[in-house]
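Since the structure comes first, as structure tokens, the remarks are kept for the end.
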There are 4 protein chains.
Amino acid sequence: MINFAILGAGRIGQVHARAVAGNEKARLCAVADPIAAASDAVASRYGCDVRTIDEIAASDDVDAVVICTPTDTHADLIEQFVGKGKAVFCEKPIDLDANRVRACLDVVDRESGFLMVGFNRRFDPHFMAVKQAISDGKVGTPELAIITSRDPGAPPLDYINRSGGIFRDMTIHDFDMAMFLMGEMPETVQAISSVLTDPAIEPTGDFDTASVIMRMASGKQVTITNSRRASYGYDQRIEVHGSLGMVSAENQRPTSIEVATAAGFTRPPLHDFFMTRYIDAYANEIDSFITCLVKGKPASPSGQDGLNALLVADAALASVRSGTAVKVAKP
Amino acid sequence: MINFAILGAGRIGQVHARAVAGNEKARLCAVADPIAAASDAVASRYGCDVRTIDEIAASDDVDAVVICTPTDTHADLIEQFVGKGKAVFCEKPIDLDANRVRACLDVVDRESGFLMVGFNRRFDPHFMAVKQAISDGKVGTPELAIITSRDPGAPPLDYINRSGGIFRDMTIHDFDMAMFLMGEMPETVQAISSVLTDPAIEPTGDFDTASVIMRMASGKQVTITNSRRASYGYDQRIEVHGSLGMVSAENQRPTSIEVATAAGFTRPPLHDFFMTRYIDAYANEIDSFITCLVKGKPASPSGQDGLNALLVADAALASVRSGTAVKVAKP
Amino acid sequence: MINFAILGAGRIGQVHARAVAGNEKARLCAVADPIAAASDAVASRYGCDVRTIDEIAASDDVDAVVICTPTDTHADLIEQFVGKGKAVFCEKPIDLDANRVRACLDVVDRESGFLMVGFNRRFDPHFMAVKQAISDGKVGTPELAIITSRDPGAPPLDYINRSGGIFRDMTIHDFDMAMFLMGEMPETVQAISSVLTDPAIEPTGDFDTASVIMRMASGKQVTITNSRRASYGYDQRIEVHGSLGMVSAENQRPTSIEVATAAGFTRPPLHDFFMTRYIDAYANEIDSFITCLVKGKPASPSGQDGLNALLVADAALASVRSGTAVKVAKP
Amino acid sequence: MINFAILGAGRIGQVHARAVAGNEKARLCAVADPIAAASDAVASRYGCDVRTIDEIAASDDVDAVVICTPTDTHADLIEQFVGKGKAVFCEKPIDLDANRVRACLDVVDRESGFLMVGFNRRFDPHFMAVKQAISDGKVGTPELAIITSRDPGAPPLDYINRSGGIFRDMTIHDFDMAMFLMGEMPETVQAISSVLTDPAIEPTGDFDTASVIMRMASGKQVTITNSRRASYGYDQRIEVHGSLGMVSAENQRPTSIEVATAAGFTRPPLHDFFMTRYIDAYANEIDSFITCLVKGKPASPSGQDGLNALLVADAALASVRSGTAVKVAKP
């Protein structure tokens, strides 16, 4: 039984609290949040304590923490908690600056810390099945991946301003997925980006639509398209082509009905929110964290995976600015 | 907060224990089972007491019971617990004998008891969406329903021997669904049945394959096909045709991947077990039980619904024996 | 090269004229129709002669005829043309009266005539693939078939009045398909029928909606549902369950697009007409007729197949009237 | 009635001969091919003359020609036949060299010639439906297109050597489709390419796998992926995202069956050949050529469309070589 504390009781903190509380091998001990209403809600829903972050760091009854605080606190908190010997699960990204991430990972290394980064999609049952099919050789050597990822709608502007931009905030999931599925890092990245869904995004310097092509060292190719808008719901698809064929994962729907009338055959929209779409992924993710911790296996995705995805995102942004293929920096 | 006890900690008892434990508005207080290992497993998994059935009947801290014991105990337990003022959720069927059910429902009536019968499929999100589409008038007046229901494999022979036969054990779910969706009872039932999957079923007098057509009083029609075998997984489909069109619910799959090779496009089999297929339905069912109870709404599906489905099953069996259209007995 | 004449230049006659004209091994020589405009249209479209039926019967340059005249002339024409040594393709049914069909088939037999009956669906590429999968053992021994057949809309009342009723006019295709796929005749038939789509059908004594269950001698089962209305297009589906699994054929659509918006995912309606839905089937049917003729193979579906389907239709109608399972008459 | 001659009786010439012969408004008069066996086969199949190209150019009874000869003869033949006042349908590409194409189009212009270029996919019913949905405003303003195009297998090496490379031979169809659907030309093109399916392609300097991203002047984006290998058949998919949603066209299959067993649900592979996949497109294409000609409407796709697609292909190849975003040359 692993005793958890949740740091940050916002939207994603609540998701993880639910996953921890529902896991047989875990117990939720404490939650911290500067907003009392938020931490109280989690505490009363799952029957755990409200403590400050420093109290949690000092708590003997806490084995592991889940960091769901604002991004700019992640690296500091990771360093603080690995220093206290706590296992750490940190929401992505570790930091928006690659050098800060490198420094943080050095600390984790020095402390022999246990750090897992929250690329939740690796734990989606459907994408796991894609990965498994590849591992089982069902499609031969993977050669080309096509990833489609579209959010139902754009986040608020102040979120966008703090997000590090679409590549570091949104595409980063797809960069990680690409490396996870293809089993290697991209060598070069080319990207184009536009503001198409909302002119209010223009002044932020960010984009709402992006297309990326990446060339792996072996000549394999990956294509990613992103948009901050999908009227029909949360569009999350993957297809991987290999020497023997293709494996793909379809979109998920809340219900599987279809209504056929003179107007045609209509199925309802997709999930409209990442939490309902990836609810199983979040549960599996915490379960995997616990399993790796208990069995002494390395955390995966690791801090290094977090850094790699960030470096690819940085290259994509540089490509947009330069109009050239940009080499991904050495980790 | 409704305090529950589970009577019977077998397979289906565990399903309901899980649903109760995961429900915000419920608390699992106690579990009873003559096999200590079974009740202990539930008790330790969910942190509740082990008590005898009589202790539970006498417990002040129990508001509601979930009856998951063998069928031949259902009617007696319903009578015992409504007599104690407990809300009762009972797995289907109430009894295999319609007259015993009638007598039991009389007791419930006299005691103004709260009794819900476990036709879990009414709470499947996909079938609920079918019902909603009908209620919303999406397909006009419903006219013809086609229900396909195939189990992955036949149950053990001793289960079959105690089951009351395929119509009362398996098709009964489809009979209830038909009435739920079409909004009326069948007037006549015609059925054919065969033993096709396993000759060992022959000596039991039961069947493993059945086709049923039913005519409602209004002229509406329902077709049901059943088999105890579906190599490709648990096949559960519904389509309802109305004056404006059709609404259908597709099968559910554990994962949505597809592998395409020179051999074609292959998707994995369906769920192989009713518990994984209907896991959401069981959770919704308990939630609905609680909601009706708390809001003072009548239980649905009611004891009467349980009796109705049994009467249709009896008519189907009589039709097989007589080779004629059989009128459904008056409730 | 087989020289053809078309008898009857109405809707279905035009379909066959097109199939003949497009076949490399055939030449369309002549067309006959009492309505000059009809025969002229075919003649000028495909560059063939207009002749009377008797002229065609006497023509040395005609090897084969396609009978597309009204049903009540079919048996006489078959007898006339087999008597002249012409190969005969006759649209279903040979006659609405089983005894007249028997007498006609006796004549064909005596003359060693070559007679094929127009159950076009056997030649649909998708249903052929279903049959092939069964023959290849892909689903093991077939055990249960479910056939769904719904017309986009009801035919005119005067057509209904002459049609012999829904079972002999519409379901007869499904009866033939059931025997074709299952490889045996039904032993007993049970049917229910209603008028649900248009009260104007009531006075004709016919129905617009029917459900049928059939039990084959071996215990295999077949379910058929029919309606004269399908707002979403021509609904033609088959699924066959066997000891190893299921094979099914999906509906066909003019285009495969899907539009996804906030209202959901919408595909266009199905084909709205039997001619576009079964255009390939008609071409394959004529091709098969020619191939059997040239290679000296027996015609299939044969006159006997036509009789068998009619006998099942008669049993279905008798079952509606008696409310009992009706044995199919001996061919 | 338009009288046609086919120049070149190879694979694609036979496709067009079939389309012409099957069109009510067309008559196939003559065919030319240096290989007598090839021209004779077409002539006897469709009942037309064999003539030399020069004879056809001098023929009064020929209104239109379909150029299906080797690519390096296209521009000369276009010039010869527009000079003779014949309407010209020319298989893509007009030439592999953009300047030669420009010169040819100047001649066509000077002669007020009627020239249509064979981008057959614009006439595929499914892709036409995509275009129609966009024109009808079903998805709002189009913003991003994703085109997947994979051949069942690589062509012979000598074909590759003469092909002008994957971008000018294969992707050129997708470039045209992108401009057709989005309604504007790309401003910049970025591409990556690899040899992944067969090392024998390496020495030719060509590639078998390519990914392309394009930015239109308005900021719209297009992604294309190509491979010379698709074990599961001819993979041809399009999706277009707009401000209101997405429209997509699925792959086409010879049959729509599915076999479900313990191994899962399997559908057969896709079409394995462009001729069966696009058989309707070729017929529609010739029909559109005739309609435009008869109605005095400009040919579409025009010679200019052919040049535009070639310029995009040239930019893609330049991008592969430079590793930068390459501006598309002015037409």
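So you know, we letter chains A, B, ... as the sequences are listed, proteins then strands, and number each from 1.
Looking at A/Thr148, only its side chain comes within 4.5 Å of chain D, counting heavy atoms on both sides. With a 4.5 Å cut-off on non-hydrogen atoms, A/Thr223 touches chain D through its side chain but not through its backbone. Within the 4.5 angstrom heavy-atom criterion, only side-chain atoms of A/Ile146, from C-beta onward, approach chain D.
Scanning both residues, D/Gln190 and A/Ser319, for their nearest heavy atoms gives OE1-OG, 4.3 Å. The two residues D/Ile192 and A/Met214 have their closest heavy-atom pair at CD1-O, 3.3 Å. Nearest heavy-atom pair, D/Ser231 versus A/Gly245, reported as atom, atom and distance to 0.1 Å: OG-CA, 3.4 Å. Nearest heavy atoms, A/Ser194 versus D/Arg215: OG-NH1, 3.4 Å. Minimum interatomic distance between D/Leu144 and A/Ser211 (heavy atoms only, all atoms of both residues): CD1-OG, 3.9 Å.
Atom NZ of D/Lys138 has 12 or fewer neighbouring heavy atoms from other residues, nucleotides or ligands inside a 6.0 Å radius.
Between the side chains of A/Thr209 and D/Gln221, no donor N or O sits under 3.5 Å from an acceptor N or O.
Of the residues considered (A/Ala325, A/Ser227, A/Ser243), A/Ser243 shows the highest number of contacts with chain D, using heavy-atom pairs under 4.5 Å.
Looking at D/Arg150 and A/Met246, their side chains never come closer than 4.5 Å, going by heavy atoms from C-beta outward.
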